[in-house]
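Written out below as structure tokens is the structure these notes cover.
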Protein chains: 2
Amino acid sequence: MGTTQLETVPEPKYWHLKTVLAKALDSEFAVGEVLPNERELAARFGVARATLRQALEQLELEGRLQRRRGVGTTVAPPRVGVDVGPAHHSWPGAQGDAWQTEGCETTVPPAAVARALGTADDHAVHVVHRVRTVHGQAVATELLYVPAASVPGLSGIETDAGTARGRAVLRELNRLELGGQERAVELGSARAEDARRLDRLPGSPVLVVTTRYLAAGGTAAVAVATYRADTCRLTFGDSGAVSLLAS
Amino acid sequence: MGTTQLETVPEPKYWHLKTVLAKALDSEFAVGEVLPNERELAARFGVARATLRQALEQLELEGRLQRRRGVGTTVAPPRVGVDVGPAHHSWPGAQGDAWQTEGCETTVPPAAVARALGTADDHAVHVVHRVRTVHGQAVATELLYVPAASVPGLSGIETDAGTARGRAVLRELNRLELGGQERAVELGSARAEDARRLDRLPGSPVLVVTTRYLAAGGTAAVAVATYRADTCRLTFGDSGAVSLLAS
DNA sequence: TAGTGGTCTAGACCACTCT
DNA sequence: GAGTGGTCTAGACCACTAG
């Protein structure tokens with residue numbers, strides 16, 4: 001009376017589907033190639049479209065696939081390694097900085113940022129918006145929070161224009177002596193505005209890198225950077241060695 | 001003929017639902033409190049259960065909620081900050097190491113690891129299994145790949161037992177002179193075995209930390225650590241300062 | 001055994017991208 | 001306009017936990 005299955009393992013369909021697709025991607029598809037559309041794939045594997053989508057979502061999360069509405073599903077290239085220091089030990093805006101300034105405003109930061117800055121909860125600070133691109137593609141957005149006290153030399157003339165003032169803030173920031181950095185990485189989901197800049201849908205998984213820039217006496221600035229989790233692999237090269245883990 | 005909505009923004013229901021729930025979590029719920037079950041919440045908000053689940057999934061991804069089958073959905077505590085160096089600049093198994101050795105085997109590593117180690121694709125290496133716990137809870141699993149060449153002093157007597165051999169490998173590794181570390185962080189989904197150890201479902205989002213340990217001449221070992229993305233916030237404290245970002 | 005979240009279905013319509 | 005992925009529905013059953 002032996003049945004075909006020993007230890008009947010009720011492995012979810014989408015899980016099995018995912019492994020099958022992953023193998024197919026390795027052996028039968030090239031980077032950039034487009035897969036059959038979801039309705040056809042679902043029919044081919046004999047599952048509902050929702051189940052197939054669950055498998056595709058996981059593969060996209062792992063950076064194996066790229067899906068774009070109105071276009072299709074393509075095989076993603078290997079993740080790009082982006083260096084997030086602390087090799088340079090320098091301020092934002094220093095030479096070799098990979099970020100491009102896009103604007104600057106003055107607002108009250110979120111409570112968590114205010115706490116890290118050591119400012120009052122209702123104290124407005126400069127917020128510099130920046131974007132990081134790799135191979136011409138935006139991979140991260142950043143909000144750099146700088147209290148006015150950190151940039152005392154900022155002239156009043158530059159306090160209106162967006163991008164110009166952003167650059168002025170960075171310039172003044174670089175006059176300070178850097179006392180170290182603290183970083184944290186966690187998983188998040190893209191806010192609507194970040195998603196737009198990163199060419200993703202709102203809620204897409206992102207890696208949030210929070211950096212605290214220290215100067216004599218305390219925190220001079222806090223940066224909250226949002227990296228595309230599907231395409232990015234954050235590298236931390238120590239000991240000055242060239243990173244071989246960066247693809 | 002004015003309609004109620006200007007600029008009819010077709011914001012997805014689950015997105016709106018998510019923000020509503022997030023606000024409610026801030027104002028009306030305490031950490032550890034259990035939410036109403038999914039069927040009731042869906043009815044209360046007038047949406048299908050699948051739509052509600054989409055909102056809950058995002059909140060869980062952001063570490064705001066914790067869902068457990070057969071139990072319910074509870075409000076998650078703030079993410080715990082776990083230090084992933086490079087403050088110590090030490091080998092695995094050194095004093096103060098946060099990991100616990102669970103076993104050791106000898107197998108051929110994945111191609112990507114073999115490449116980083118500089119070994120042949122079919123060359124077997126020691127693989128030490130370790131677990132990292134915080135507050136009594138497992139937050140990460142690790143596979144530490146150590147080529148036999150890195151631990152020449154390993155005696156033959158210790159080559160059979162699991163945990164004992166693991167400790168022996170770590171002991172031998174600490175005889176080497178550390179030449180630096182390289183780290184990379186990326187998003188992944190938990191393999192079945194990791195998920196079990198971390199008390200999560202297979203496919204749960206995890207932060208994968210790959211570390212390359214350098215010694216004179218090249219790569220002495222490679223560690224692939226898998227952290228729970230829902231509960232962990234990886235911290236990188238530089239300059240020896242106490243991390244204030246760690247919650 | 002009752003109640004929970006997890007999986008799955010078979011549809012429908014919408015938003016977007018290209019031609 | 002045709003074709004794609006994204007959203008949503010209203011059900012059903014399963015796996016797990018706990019009293």
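Per chain, numbering begins at 1; letters A, B, ... match sequence-line order.
- Between A/L52 and B/R67, the one whose closest nucleotide on DNA chain C sits nearer the 5' end is B/R67.
- Between B/D230 and B/S204, the closest side-chain pair of non-hydrogen atoms is not below 4.5 Å.
- Rounded to an integer number of Å, the gap from OH of A/Y14 to P of D/dA15 is 14 Å.
- Taking 4.0 Å as the cut-off between side-chain N and carboxylate O, B/D97 and B/R130 count as a salt-bridged pair.
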**OP:** Take A/R79 and B/E186 through the test salt bridge (charged side-chain N to carboxylate O under 4.0 Å, His left out) and record every step on the way to the result.
**Re:** CA-CA 9 Å; A/R79 283 190 174 130; B/E186 62 187 317; 2.7 Å; yes
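- For A/A22, the side chain to side chain contact (heavy atoms under 4.5 Å, CB included) criterion is met by A/L59, A/R64, not counting sequence neighbours.
- Listed in residue order, the members of residues 33-45 of chain A having a heavy atom less than 4.0 Å from DNA chain C are A/R39.
- Among the atoms of the strands shown, none is found under 4.0 Å from any heavy atom of A/L56.
- For DNA chain D, each stem of at least three Watson-Crick or G-U pairs (distances under 3.5 Å) is given as range with range: C:1-18 with D:1-18.
- Nucleotides of DNA chain C with any atom under 4.0 Å from a heavy atom of chain A span, from 5' to 3', C/dT7 to C/dT17.
- Contacts of B/R68 with the nucleic acid, taken as non-hydrogen atoms under 4.0 Å apart, involve only primed sugar atoms and P, OP1 or OP2.
- By the 4.0 Å N-to-carboxylate-O rule, B/K18 lies close enough to B/E62 to be salt-bridged with it.
- Ring pair A/F236/B/F236 is parallel by interplanar angle, where below 30° counts as parallel and above 60° as perpendicular.
- Judged as a ring pair (Phe, Tyr, Trp, His ring centres under 6.0 Å), and not counting sequence neighbours, the contacts of B/Y213 are B/W91.
- Listed by first then second residue, pairs satisfying side-chain hydrogen bond (donor to acceptor under 3.5 Å, both in side chains) with a partner in residues 35-47 of chain B read B/E38-B/R49, B/E38-B/R53, B/E38-B/R67, B/E40-B/R44, not counting sequence neighbours.
- For B/R197, the CZ atom counts as densely surrounded, since its 6.0 Å shell holds more than 12 non-hydrogen atoms of other residues, nucleotides or ligands.
- Of the candidates A/T106, A/T101, A/V128, A/T106 is the only one forming a side-chain contact (heavy atoms from CB on, under 4.5 Å) with A/R165.
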